[in-house]
Amino acid sequence: MNVSTLARQLKVTVNELLERLPGLGFDIGARALKVDDKLAPKIMAAWKKATKKEVFQKELSKIEERGKEPQGAKNLPVSKELSIAETIVVKDLAEKMKLPVAKLMAELMKNGIMVSLNERIDFDTATIIAEDLGFKVTRSNEEILEEQSKREKLKILLTNRPEHQQEIKAPVVVVMGHVDHGKTKLLDAIRETNIVDQEAGGITQHIGAYQVRKKDRLITFLDTPGHEAFKAMRSRGGQIADIAVLVVAADDGLQPQTLESISVIQKEKLPYIVAINKIDKEGADVDRVKQGLSEINMIPEDWGGKTICQPISAKFKKNISELLDTIILVADMEELKADPSGDAVGTIIESHVDKSAGPVATVLVQAGILKIGDMFLVGSVPGKIKIMQDWKGQAMPTAGPATPVKILGLKQLPSIGEILEVITDKKQYKVRLKEMSSQSKAMRNSSSINKNSDKENNENAVNLNLIIKSDVLGSAEAIEESLSKINVPNTNIQILKKGLGQITEDDVLNAAATNALIIGFHIKENKNLKSLADEKHVTILHFDIIYKLLEEVEKILKSIKGKKTIHKFLGKMQVLAIFKSTKNSMIVGGKITAGKITKKSKIKVLKNGQVEALGELLSLQSAKEAVSEVVEGNEAGLEYKGEPIIAIGDTLEFFEEIYE
Ligand code: GDP
């Protein structure tokens, strides 16, 4: 081959090529005109490898440079913007931030979050990390609009009531703050110290909220553990909560999630109390927390400002009573009122499918009186209240404003954050039900059209493939049933496989070939599979509670909706030999004529330029050895899964399916 041809292929000048070759271990002479045909591919490979290394090193030094930036760098003016949905896969976030995944994972680790590159992190976590790296983060528009429309609907339902009378109601309180600052402990302490009649309930149920009595006044606490409370707050707490308790650990001060909580509280214009927790601990410094608050213009009352601070110890149940008094004081100042008459309106704060009882939900009543026998609609889900219980499992015949109740009698599982409306007028109920069911039918129709159409031509729908493994078949069926109720427009769920027991290697390989998500329900995590799953870019999620599973799947659907499934071209192979053919697989050989084949490719079978079938790549060989990649110019043997129609002379096109 001419040296000039080789230089052209490598996109450099002849001189550059000749100068660099000795450094790569090829000494063909400084004035050579020709290069041996056998040597040329080797030079090309070495050249590409070296270039890759250079790029990598440049990238690395950029990161190091960034690492050297002073601590205050995160306070520099933000120049980059990011729009993130409710959840995002780590590697996608890295891509959005144009950062190497390893760097992002290291940042997450620094914040105590251990995730693999394929795992999803929620909006809040992503925001904290991204803002630390100098990004300004916004929620993607669609979700904000959805939320706004729910809030508007609620506002209308709460104000346009026939006999709109207002009476003082119990305050609904949300507890927020940085992780580990003691939110859960505080909620437990309040519950334990203030259960009115211990003997009657004994065992309390976790229904997402509870009520305590203080000096004959009721206070409702939203009891969503840990960081969940924060997420719930962000997406719907604003339409539920009246007062926020911001927990700040006295030994740790204001932390990123404290600041995040403050920004949510301010955005929602919620009255708040700062509970300075862990005052029992060595190193606790209440004044330091107050100092921190003052620095962000939240000056404590005893320092001449307006921020109410209450030092507490959730662990030793110290000053809990004082905190409750303060909450009542704030509630009184706010004059929290609601209409306690007429048909009930409320918001769903928790829902799950109970194996024996069916769909169960907790509703926080916000106006009117909810009664046994009431006909209601939650979004498009109809129902009639059959059983109603409080958080101690006691039957409740009626429930008024600010009361959280567990209800049975839903026809399907409602989404959290949906609004429940009681409609006593039978005629009106029928009309509304008809409206709702035609709306959801339209949605179902569109999704079945999507199901049947060729993905490549479909601009709108995105498929989420699932492989579900569970402990007993009953739960797999309950999951399938509940999943079918999730309605995220323009998305489809396809359950490719349901099975019992542990997740296996086969499941991971299957998921890799079909771009599926693996869900384990009530089964132990198989740690040995982690590296295989990472290598194959397969996400495995484990759940023990159905509603958590549904919430997560719904979030994933929302995050992929509106994206298109794109076939990213990888390479082409000319088929030269057929070695084996079975009912749904073939082993064929050929030459790579363009690009490359990688192990996670999918395959289009082309005859005379026309796509005749779609298949999957099960294994790949080159020179009789299993390989993960074969590049242009080389021969490869492969196992294909799909309709066995490949013939000598056909072209196989390899592609990767990505969402964009
Ligand atoms: P959350 O992440 O905000 O819900 O925090 P947790 O309630 O789980 O508390 C985190 C840790 O701090 C746990 O180990 C608690 O036992 C501990 N903790 C919470 N409150 C106190 C407190 O008042 N004093 C002490 N010493 N430890 C506490």
Side-chain angles (χ1 to χ4, degrees), residues 108-115 121-129 172-195 204 206-210 212 219-235 237 240-241 243-265 270 272-290 292-293 308-327 349-350 391 544-545 548 551:
L108 284 160
M109 245 188 264
K110 263 198 246 161
N111 284 272
I113 302 152
M114 305 290 181
V115 279
I121 52 175
D122 60 42
F123 175 87
D124 306 314
T125 313
T127 305
I128 291 162
I129 302 294
V172 178
V173 180
V174 66
V175 176
M176 301 170 77
H178 194 70
V179 65
D180 273 350
H181 278 198
K183 298 180 290 293
T184 316
K185 199 86 183 160
L186 173 62
L187 282 161
D188 289 347
I190 295 171
R191 188 170 25 212
E192 283 158 25
T193 41
N194 290 276
I195 291 179
T204 57
H206 181 85
I207 66 163
Y210 65 79
V212 295
I219 308 174
T220 305
F221 283 91
L222 296 177
D223 176 19
T224 340
H227 203 53
E228 291 291 312
F230 188 71
K231 280 195 277 169
M233 178 66 214
R234 185 191 278 282
S235 59
I240 304 173
I243 297 172
V245 169
L246 177 70
V247 178
V248 185
D251 62 338
D252 201 24
L254 271 63
Q255 293 300 326
Q257 287 163 13
T258 321
L259 301 177
E260 275 283 291
S261 307
I262 292 171
S263 83
V264 174
I265 288 170
L270 273 181
Y272 61 90
I273 296 157
V274 181
I276 305 178
N277 190 27
K278 305 198 187 184
I279 52 166
D280 59 280
K281 270 184 97 171
E282 208 179 305
D285 188 346
V286 173
D287 279 351
R288 198 182 58 169
V289 175
K290 289 186 177 173
L293 290 168
I308 309 170
C309 295
Q310 176 63 61
I312 58 161
S313 165
K315 186 170 177 179
F316 294 101
K317 302 193 173 78
K318 190 161 187 279
N319 292 350
I320 301 298
S321 177
E322 285 77 355
L323 179 65
L324 297 181
D325 286 341
T326 316
I327 291 172
I349 56 172
E350 205 166 82
W391 62 282
D544 286 318
I545 307 171
K548 289 268 176 212
E551 242 184 31

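Note that these values count all heavy atoms, side chains included, but never hydrogens, waters or copies made by symmetry. Whatever order the structure lists them in is the order used to number ligands and atoms, beginning at 1.
Each of the atoms 2 (O) of ligand 1 lies under 4.0 Å from some heavy atom of V179. Listed by number with element, the atoms of ligand 1 under 4.0 Å from a non-hydrogen atom of K185 are 7 (O), 15 (C), 16 (O), 19 (C), 20 (N). Atoms of ligand 1 lying under 4.0 Å from at least one heavy atom of K183, given by number and element, are 1 (P), 2 (O), 3 (O), 4 (O), 5 (O), 7 (O).
The option from K318, K315, K278 that lies nearest to atom 17 (C) of ligand 1, judged by heavy atoms, is K278. Looking at V247, N277, D252, N319, it is N277 that brings a heavy atom closest to atom 20 (N) of ligand 1. Taking each of T184, D180, D188 in turn, the one with a heavy atom nearest to atom 10 (C) of ligand 1 proves to be D180.
Residue-level proximity to ligand 1 for D280 is carried by the side chain, the only part with a heavy atom below 4.0 angstrom.
Annotation: side chain of L222 is not in contact with side chain of V173 (no heavy-atom distance under 4.5 Å). Side-chain contact check for L324 versus I327: some heavy-atom pair is nearer than 4.5 Å. N277 is not listed as a side-chain neighbour of H181, based on a closest heavy-atom distance of 4.5 Å or more.
At least one heavy atom of H178 lies less than 4.0 angstrom from ligand 1.
Looking at A314 next to ligand 1, an N or O pair under 3.5 Å apart turns up. The N/O atoms of I279, backbone and side chain alike, include none that comes under 3.5 Å of an N/O atom in ligand 1. Residue K281 has no N or O atom closer than 3.5 Å to an N or O atom of ligand 1.
Not a single ring-ring contact (aromatic ring centres under 6.0 Å, His included) links Y272 to another residue, sequence neighbours left out. Residues that satisfy the salt bridge (charged side-chain N to carboxylate O under 4.0 Å, His left out) test with D251, not counting sequence neighbours, are K281.
The two residues C309 and L293 come nearest to each other via the heavy atoms SG-CD1, 3.8 Å.
Not one N or O on the side chain of N319 forms a donor-acceptor pair closer than 3.5 Å with the backbone of E322.
Atom-to-atom distance recorded for L323:CG and K317:NZ is 14.5 Å, nearest 0.5 angstrom.
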